[in-house]
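Structure record follows, encoded as structure tokens.
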2 protein chains.
Amino acid sequence: MMNYTAFEDCGLKRSLDILSGKWKPLILYHLFHEKEIRFIRLWRKMPRVSKKVLLEQLQQMQEHRVIERIERKGFPPEVYYRLHRDTEWLGPALQMLEHWGKGR
Amino acid sequence: MMNYTAFEDCGLKRSLDILSGKWKPLILYHLFHEKEIRFIRLWRKMPRVSKKVLLEQLQQMQEHRVIERIERKGFPPEVYYRLHRDTEWLGPALQMLEHWGKGR
DNA sequence: CGGCATCCACATGGATACTG
DNA sequence: CAGTATCCATGTGGATGCCG
């Protein structure tokens with residue numbers, strides 16, 4: 001078996017804190033599909049979240065460099081979100097979790 | 001890039017719900033190290049959790065087949081916890097998360 | 001349209017004491 | 001020692017409305 005000493009300072013906890021929550025996995029799902037998605041469109045895909053909460057989740061994910069925010073000036077405003085590069089390479093791990101999760 | 005259609009039914013959300021929380025990542029950490037650990041010993045390693053909460057977390061993890069509970073009859077009672085086999089093969093994914101988490 | 005400000009409900013975690 | 005029962009604090013998510 002592998003050496004799990006790496007868990008010691010619990011980056012694991014930090015990751016899980018960052019990626020989990022009521023809506024973040026769903027957001028991740030959509031961003032893995034669309035690469036770049038406009039806020040209003042993302043919101044329409046998740047009709048059960050309030051705008052406030054969706055925004056909060058997105059902001060937290062920005063702070064943790066899970067996603068990036070792209071703003072195109074003008075009126076009405078246009079804001080897009082996309083995965084951060086660092087998150088893309090996490091894809092395989094997330095897919096394992098996805099697969100594992102289906103068994104429960 | 002990979003095909004992330006697998007996220008569709010959001011096993012990802014289920015996994016993250018199951019593995020995250022205030023103490024579960026820590027519990028996982030200890031179990032990845034010790035393989036089989038007695039309740040009281042685990043508790044002493046996590047002095048800031050109340051016994052009640054620790055027990056709750058362990059029970060939930062049992063229900064989701066993340067860990068197994070082993071009881072050795074007698075008095076005083078002896079109860080051990082260990083990772084479920086299905087969780088062990090998740091190790092690599094968790095290590096990626098561990099590594100990724102350190103960067104934030 | 002994207003983002004805030006309020007106010008609020010409820011689930012989750014916590015302190016403590018008790019039992020077999 | 002392992003597990004339960006109470007009671008309680010608080011944070012996270014939610015409904016709604018306003019603003020540039």
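Residue numbers begin at 1 in each chain, while the letters A, B, ... track the order of the sequences.
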Report yes or no: do A/V53 and A/L19 belong to one cluster of Ile/Leu/Val/Met/Phe/Trp/Tyr joined by side chain heavy-atom distances under 4.5 Å?
yes

B/Q60 and B/K24 side chains, donor-acceptor separation under 3.5 Å
yes

Stepwise side-chain contact (heavy atoms from CB on, under 4.5 Å) test for B/E78 and B/E71:
CA-CA 6 Å; B/E78 266 183 79; B/E71 186 172 351; over 6 Å; no

Using the rule given for side-chain contact (heavy atoms from CB on, under 4.5 Å), can you reason through A/W100 versus B/D86, listing the C-alpha separation, both sets of side-chain angles and the distance that settles it, and then say yes or no?
CA-CA 8 Å; A/W100 181 84; B/D86 292 355; 4.1 Å; yes

Is the charged tip of B/R69 near the ring of B/Y80: under 6.0 Å from the six-membered ring centre and within 45° of its axis?
no

More than 12 heavy atoms from other groups under 6.0 Å of NE2 on A/H99:
no

At 10 degrees resolution, what angle do the end axes of the helix from C/dC1-D/dG20 to C/dG20-D/dC1 form when each is taken over five base pairs?
40°

Have a look at B/Y81 and say if it touches a base, only the backbone sugar-phosphate, or nothing, with a 4.0 Å heavy-atom cut-off.
sugar-phosphate

Carefully, step by step, assess A/L83 and A/K35 under the rule side-chain contact (heavy atoms from CB on, under 4.5 Å).
CA-CA 6 Å; A/L83 287 182; A/K35 274 148 190 178; over 6 Å; no

Worked verdict on B/W89 versus A/M96 for side-chain contact (heavy atoms from CB on, under 4.5 Å)
CA-CA 10 Å; B/W89 73 253; A/M96 290 182 77; 3.6 Å; yes

Using a 4.0 Å cut-off on heavy atoms, which residues in residues 37-62 of chain B reach DNA chain D? List them by number, or say none.
B/R38, B/F39, B/I40, B/R44, B/K51, B/K52, B/L55, B/Q59

How close or far is atom C1' of D/dT12 from atom NZ of A/K24, stated in whole angstroms?
10 Å

In Å and rounded to the nearest 0.5 Å, what is the NE2 to CZ distance from A/H64 to A/R14?
9.5 Å

Want to settle it: does A/K22 or B/E78 sit nearer the 5' end of DNA chain D, counting the closest nucleotide to each?
B/E78

Value rounded to 0.5 Å, distance of CG in B/L42 from CD1 in B/I37:
4.5 Å

Its 5'-most and 3'-most nucleotides having an atom under 4.0 Å from a non-hydrogen atom of chain B, DNA chain C is contacted over C/dG13 to C/dG20

